[in-house]
Asker: 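Can you read through this structure? Questions will come right after.
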Amino acid sequence: MKTKQAILAYIPHLSHIAGLIFTLLASFFCMWFIVELPHWTNGHSFGLSSLTLAILLGILLGNTLYPQSGSILNLGVSYTKGQVLRLAIMLYGFKLTFTQVENIGSAAIFTDILTLSSTFLLAYYLGTKVFKMDKETSILIGAGASICGAAAVIATEPVLKAPSYKVAIAVATVVVFGTAAMLLYPMFYHMGWLQQWLSDSQYGIYEGSTIHEVAQVVVAGNAISPAAASTAVITKMIRVMLLAPFLLLLSFFLVKSERSEKIPLAQKIRQVQIPWFAFIFIGVVALHTWLPFSHETVKKMVWLDDLLLTMAMFALGLTTHISAIKKAGIKPLILGIILFAWLILGGAGINVLINH
């Protein structure tokens with residue numbers, strides 16, 4: 001019965017249509033703008049993606065025009081933040097195959113696991129113990145820095161059931177420090193930093209295991225060499241695959257932390273909210289690996305996934321209030337800076353250690 005209800009929840013109702021059309025049109029605009037931007041700026045994209053543009057546009061409209069018509073659009077926008085987001089995470093599997101993971105080798109896998117776990121644990125400890133921030137914001141910022149940027153933040157939100165403004169705060173740290181990383185890493189490479197320990201391909205692993213967003217990894221890798229770019233992107237996508245076990249472990253952790261009294265293990269397991277959408281994502285990776293999809297089909301599915309993710313980010317922006325972000329203060333930014341420094345320095349140490 002629960003499974004049937006979960007499936008039916010993905011079918012939009014008439015009350016969702018207005019909000020869905022609104023987020024869809026805005027997403028088309030964002031994707032078109034990102035494609036056209038290099039034509040207007042002599043080839044520069046400034047590290048922007050349709051996701052970051054969508055949340056910025058959403059915040060702008062959400063704090064000006066949207067509240068005046070929100071009653072008509074609210075249900076569709078909420079549906080986009082929920083079901084459309086989960087569907088987008090599932091389809092993310094068309095961007096990766098197990099063959100790519102196998103070809104890149106165990107070094108990239110171990111590097112990703114160590115970098116992800118150390119970065120997230122550091123974020124949670126500093127956020128909750130040192131800066132006395134709330135648990136949700138700390139976890140969202142940690143997920144964005146340690147896994148795959150904005151996509152990880154919005155994938156973690158359904159497990160936490162966090163307010164939109166906390167999601168926006170976490171995404172903001174990804175945008176700021178991920179963009180900085182995209183510019184700094186090629187500069188570090190051309191300055192000769194780490195070149196005595198890491199080859200072009202190994203430098204790609206360093207980038208893929210420590211830069212926030214997939215798009216930022218692509219830009220930074222291509223600024224070094226094709227070999228570095230290819231390795232960086234695959235390493236980054238391995239980090240994306242780790243999203244599924246991360247969300248499952250997070251669900252177990254939340255149940256354990258919220259219920260301090262003695263509860264039988266079987267009952268605790270039943271209370272865990274399994275992030276099925278994350279495991280369906282792994283299933284889609286398997287299908288993409290073993291079924292003979294044509295290149296054109298995969299390309300269309302990737303485009304569809306980008307569209308759905310952009311819709312979800314725009315919907316999150318619409319429901320984010322600037323006043324709530326201001327209330328959060330400077331602590332999330334300081335945490336983001338510390339994590340950024342750890343990814344550069346600690347990530348370099350992990351990469352050198354594993355490769356030697």
Side-chain angles (χ1 to χ4, degrees), residues 38 42-49 92 94-119 144-152 174-243 285 288-289 295 298-299 302 339-356:
N42 295 322
H44 298 292
S45 62
F46 306 104
L48 276 175
S49 68
Y92 215 93
F94 278 101
K95 298 181 179 181
L96 181 67
T97 66
F98 290 131
T99 305
Q100 291 172 315
V101 175
E102 183 181 0
N103 290 341
I104 204 71
S106 59
I109 298 172
F110 286 125
T111 301
D112 276 340
I113 292 173
L114 281 176
T115 305
L116 188 159
S117 55
S118 62
T119 304
S146 62
I147 308 174
C148 54
V174 169
V175 172
V176 172
F177 299 111
T179 302
M182 177 188 69
L183 300 173
L184 286 174
Y185 278 60
M187 184 177 73
F188 290 154
Y189 177 83
H190 292 299
M191 288 171 58
W193 195 58
L194 292 181
Q195 278 181 288
Q196 57 182 315
W197 294 294
L198 301 177
S199 65
D200 277 18
S201 181
Q202 291 169 340
Y203 211 95
I205 295 176
Y206 171 50
E207 288 185 337
S209 63
T210 55
I211 295 179
H212 298 63
E213 289 271 5
V214 176
Q216 294 158 352
V217 169
V218 171
V219 173
N222 282 317
I224 292 175
S225 70
S230 176
T231 306
V233 171
I234 297 172
T235 303
K236 181 63 181 177
M237 296 312 295
I238 294 172
R239 275 171 79 189
V240 174
M241 284 187 65
L242 294 173
L243 181 64
V285 175
H288 183 206
T289 304
H295 174 75
V298 172
K299 186 177 178 181
V302 168
L339 295 178
F340 180 47
W342 167 251
L343 285 167
I344 292 175
L345 301 175
I350 290 171
N351 273 268
V352 171
L353 179 67
I354 288 180
N355 281 288
H356 293 273

Asker: Thr289 side chain to Val285 main-chain N or O, any donor-acceptor pair under 3.5 Å?
Answerer: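 Indeed, once roles are kept as given, a pair shorter than 3.5 Å links the two residues.
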Asker: Going by the rule side chain to side chain donor-acceptor pair (under 3.5 Å), which residues pair with Ser118 if we only count those two or more places apart in sequence or in a different chain?
Answerer: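 Here the qualifying residues are Trp342.
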Asker: In this structure, are over 12 heavy atoms from other groups packed under 6.0 Å from Phe110 atom CZ?
Answerer: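 No, because the 6.0 Å sphere around CZ of Phe110 holds 12 heavy atoms or fewer from other groups.
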Asker: Mind listing the closest non-hydrogen atom pair of Asp200 and Ser225 along with its distance?
Answerer: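 Closest pair (atom of Asp200, atom of Ser225, distance): OD2-OG, 3.3 Å.
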Asker: Report yes or no: does Lys236 contribute a side-chain atom to a donor-acceptor pair with the main-chain N or O of Ile205 at less than 3.5 Å?
Answerer: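 Flag not set: sc Lys236 to bb Ile205 has no pair under 3.5 Å.
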Asker: Could you give the distance from CD1 (Ile211) to CG (Leu184), rounded to the nearest 0.5 Å?
Answerer: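 Reported value, rounded in 0.5 Å steps: 9.5 Å.
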Asker: Roughly how far, to the nearest 0.5 Å, is the OG atom of Ser230 from the CD1 atom of Ile104?
Answerer: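 Nearest 0.5 Å value for the CD1-OG distance: 6.5 Å.
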Asker: Do Tyr203 and Asn351 have side-chain atoms, one donor and one acceptor, less than 3.5 Å apart?
Answerer: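 Result is no, nothing qualifies.
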Asker: Would you say Glu102 has more than 12 foreign heavy atoms packed within less than 6.0 Å of its CD?
Answerer: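 For Glu102, atom CD is not crowded (no more than 12 foreign heavy atoms under 6.0 Å).
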Asker: Taking Tyr206 as the fixed residue, which of Trp197, Tyr189, Tyr185 is the one that meets the side-chain contact (heavy atoms from CB on, under 4.5 Å) rule?
Answerer: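 Among Trp197, Tyr189, Tyr185, the one that satisfies the side-chain contact (heavy atoms from CB on, under 4.5 Å) with Tyr206 is Tyr185.
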Asker: Please examine the side chains of Arg239 and Thr115, heavy atoms only from C-beta on, and report whether any two atoms are closer than 4.5 Å.
Answerer: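 Not touching, per the 4.5 Å side-chain cut-off.
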Asker: Can you tell me which residue among Ile354, Ile238, Thr235, Leu242 is in a side-chain contact (heavy atoms from CB on, under 4.5 Å) with Ile109?
Answerer: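 Option passing the side-chain contact (heavy atoms from CB on, under 4.5 Å) with Ile109: Ile238.
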Asker: Partners of Val302 by side-chain contact (heavy atoms from CB on, under 4.5 Å), sequence neighbours excluded?
Answerer: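 Checked Val302 against side-chain contact (heavy atoms from CB on, under 4.5 Å); matches are Phe94, Lys95, Val298, Asp306.
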Asker: Using the rule given for side chain to side chain contact (heavy atoms under 4.5 Å, CB included), can you reason through Tyr92 versus Leu243, listing the C-alpha separation, both sets of side-chain angles and the distance that settles it, and then say yes or no?
Answerer: CA-CA 11 Å; Tyr92 215 93; Leu243 181 64; over 6 Å; no
Asker: Looking only at non-hydrogen atoms, find the nearest pair between Ala220 and Pro186 and report the distance.
Answerer: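 Smallest interatomic distance, heavy atoms only, reads O-CG, 3.8 Å.
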Asker: Excluding sequence neighbours, so at least two apart, what forms side-chain contact (heavy atoms from CB on, under 4.5 Å) with Ala145?
Answerer: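 With sequence neighbours excluded, Ala145 shows a side-chain contact (heavy atoms from CB on, under 4.5 Å) to Thr119, His212, Leu339, Leu343, given in chain and number order.
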Asker: Working to the nearest 0.5 Å, report the span between CG of Asp112 and CD1 of Ile234.
Answerer: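 CD1 of Ile234 is found 11.5 Å from CG of Asp112.
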Asker: Between Thr210 (side chain) and Gly347 (backbone), is there a donor-acceptor pair under 3.5 Å?
Answerer: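 No, Thr210 side chain to Gly347 backbone: no donor-acceptor pair under 3.5 Å.
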Asker: Taking the side chain as every heavy atom from C-beta outward, state whether Val240 and Leu96 have any pair of such atoms under 4.5 Å apart.
Answerer: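 Counting from C-beta outward, Val240 and Leu96 never come under 4.5 Å.
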Asker: Treating Gln216 as the side-chain partner and Met182 as the backbone partner, does any N or O pair qualify as donor plus acceptor under 3.5 Å?
Answerer: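 Flag not set: sc Gln216 to bb Met182 has no pair under 3.5 Å.
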